2 protein chains.
Amino acid sequence: MDSDGGDAKLVDVARLAGCSPATVSRVLNGNPTVGRSVRDRVRQAAAELGYVPNGSARALRSTRTRLVGAIIPTLDHAIYATMVDGLQGRLAEKDVSLIINTSVYDLDLELDQARLLAERGAESIVLVGTRHKPQTLALLEHKRIAYVFTYTCAPTATGAAIGFDNEKAGRTAARFLIDLGHRRLAMIAGITQDNDRAEGRLAGFRDEVARSGLDPAAVPVIEAAYAFGNGRSGMRTLMTAAEPPTAVFCGSDILAAGAIKYCQEERIAVPGDVSILGFDNLEIAELTVPELSTLEVPARDMGRHAADYILASPLQRRHLRQRELPIRLIVRGSTGPAPKRR
Amino acid sequence: MDSDGGDAKLVDVARLAGCSPATVSRVLNGNPTVGRSVRDRVRQAAAELGYVPNGSARALRSTRTRLVGAIIPTLDHAIYATMVDGLQGRLAEKDVSLIINTSVYDLDLELDQARLLAERGAESIVLVGTRHKPQTLALLEHKRIAYVFTYTCAPTATGAAIGFDNEKAGRTAARFLIDLGHRRLAMIAGITQDNDRAEGRLAGFRDEVARSGLDPAAVPVIEAAYAFGNGRSGMRTLMTAAEPPTAVFCGSDILAAGAIKYCQEERIAVPGDVSILGFDNLEIAELTVPELSTLEVPARDMGRHAADYILASPLQRRHLRQRELPIRLIVRGSTGPAPKRR
DNA sequence: TTGTAGGCGTTATCAC
DNA sequence: GTGATAACGCCTACAA
């Protein structure tokens, strides 16, 4: 708190407390073998000098950085932002800092970022999905950095996975719509290239369609980046076709909201003429008119569980390596029985 | 790339390349005084060993960490997530890493986080708003860590500020509604305690009301955390009062969306019976029915400009220290002329 | 153009 | 219980 120099170091604290640097270090690290009176003097001295430990030096010497990295596609999508919020919150409780990087769905960029995180000494890294450059994972293995996949539940030999089964989710969506009597289905999916989550949902959806005796090839699929406007234009494409669908599954609530918007503008009744099913259960799902039926993704929980895995001891980790969180179907107003054939 | 040991160090690279550690260091740091052939050999050797520099050692020796911190209230609100996305994106271009912390609007927690960031060696810190514990700023000054306020444009003696004028925004909102003929105004504001942004908007709103000859004390104000449900319940409180307002300014689009939802449920016409004005211009502003009139906050730009400030040289910084970004009024369907008095 | 040597601030391993 | 002392991996004068 003084206005002296810039930064006091361990030695300065030692000098002021009248003891050796080693002892100061011990006090600061909670080593219980230090006498009460010395400990108090050290604490006092540290406070007086406004001493702040030098993390770099500490990390260099102890090889523990208490630093974790996360590489996510973007923070501009609530589903990732919320996951990170949960992750960071849990890590912060243990004084572990989180460096975050956005890859914009670019796997090459992701590799660069992983390298930088390795350089910074990240002890664990949180990744999204299973699809990554082999070199990225090789790097992490090589540097013995623990990694966790989220939004998926298929771990690799050395990595962990905390999330849900995207294929199963896709199947659940199809099943739900088919059970409502729909036969002309369609999907507005995310971009599936380099994105195993979007791909999984689509695959599961098609799979269940086929299992029901329908022709998956006859299911129109539009791929588009997760943006409101894309949901709207995607829906236009679908609904202006010769045989418009009676039910549309969207790979994200954002797309679904755009789809609903289009219907509203065109006075297409939802769910009277067409049912719309979303994915994520974002806050916006309650904002649309009608409210959006959707599949709930446990974003925050994924972040928290990922943090738990990271904070766990190597032994505990074995049990936490794979975790499939439930996805819930939430039925609101945007889905209903298939309209009677005209 | 080899399966050897764990991590090669500078010396190992030097040995393999047949030169001294100093030369390797020079190559890695882009020092041009190294001969082409040696440089190539070093690069080759580094790649072969899968060498990754140790950031801690580097930071310790050079006192440059290339680390920046950000402390924001939460990532669960798009307005902050987007700002951080912009900030991170710009910093990453220069290989600067961002550690993020969420304070949940708690200034004590913020101080702890600032301390941890100082320990980690953050060279700059991005904060939200002007209201902070004196100790927080004292710490940053003491450790000579540059800091930037966002969402405000009033810098301190040594800090920078990049954002907009919340009071002016509040005045703009009031002016707009009054000009539409409204006389019975109300506001659903964010929690103003420890939040200068929410407070500023409210103060500006009241100020303009008074300036127009209306009684600011007669303007009902409800404070609530930024959540959809709070907008709804706040609106209920306002509209079930003896003299319901004909125009409501909400401190965030989230609150406004909830307010619109309430009206829709109660068949209160928007803007026929009551106009609703939001704040932020989130994506959801286009989702409500009717679409939301709102004040646009340049979230992403704030992040980017903050990054520019941080990346600038001390000289350039002088010119970037204060930056007031424009807030735009976006008129959509949720606002209209005041209804005729019955 | 390249090599040598010392130290950045801390912690771990010894002694006492 | 506490104090010397030697690294941790890298950068940077300075020397050659």
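Because the structure is a prediction, the values reported are computed rather than measured. Residue numbers start from 1 in every chain, and the chains themselves are labelled A, B, ... in the order their sequence lines are given, proteins ahead of strands.
Here C/dT10 presents its C1' atom at 11 Å from NZ of A/K9, a figure rounded to the nearest Å. Rounded to a whole Å, the CZ atom of A/R120 is 16 Å from the C1' atom of D/dG9. The CG atom of A/L10 sits 12 Å away from the P atom of D/dG3 (whole-angstrom rounding). Going from atom CZ of A/R66 over to atom P of C/dT10 covers 17 Å, rounded to whole Å. One atom, CZ of A/R15, and another, P of C/dG9, lie 12 Å apart when rounded to the nearest Å. Between B/R64 atom CZ and D/dC10 atom C1' there is a gap of 15 Å when expressed in whole angstrom units. Note: CG (A/N31) to P (D/dG1) measures 10 Å, nearest angstrom. B/N54 has its CG atom 16 Å from the P atom of C/dT10, to the nearest Å.
Between the side chains of A/T136 and A/Y147, no donor-acceptor pair is found at a separation under 3.5 Å.
Picking from D/dC10, C/dT2, D/dG3 the nucleotide with the shortest atom distance to the side chain of B/V34 gives C/dT2. Side-chain atoms of A/R58 lie closest to C/dT10 of the nucleotides C/dT10, D/dC10, C/dG3. Here the nucleotide nearest the side chain of B/S25, chosen from C/dG3, D/dC11, C/dG9, is D/dC11. Ranking C/dT2, C/dT4, D/dG9 by closeness to the B/A57 side chain, first place goes to D/dG9.
Using a 4.0 Å cut-off between a side-chain N of Lys or Arg and a carboxylate O of Asp or Glu, B/D112 and B/R115 qualify as a salt bridge.
Between B/L60 and B/R26, the residue whose closest nucleotide on DNA chain C is further toward the 5' end is B/R26. If you find the closest nucleotide of DNA chain D to B/V11 and to A/R39, the one lying nearer the 5' end belongs to A/R39. The nearest heavy atom of DNA chain C to B/P21 and to B/T63 marks one nucleotide each, and the one closer to the 5' end goes with B/P21.
Within the nucleic acid shown, A/T23 comes within 4.0 Å of sugar-phosphate atoms alone, with no base atom in reach, counting heavy atoms only.
The side-chain heavy atoms of A/R26 and A/R39, taken from C-beta on, include no pair separated by under 4.5 Å.
Not a single donor-acceptor contact under 3.5 angstrom links the side-chain atoms of A/R61 to the base of C/dA12.
Taking the ring centre of A/Y309 as origin, the terminal cationic atom of A/R321 falls outside the region bounded by 6.0 Å and 45° from the ring axis.
Aromatic ring orientation, B/Y105 versus B/Y80: perpendicular (interplanar angle above 60°, classes split at 30° and 60°).
Considering only side-chain N and O atoms, A/Y51 lies under 4.0 angstrom from the phosphate OP1 or OP2 of C/dT10.
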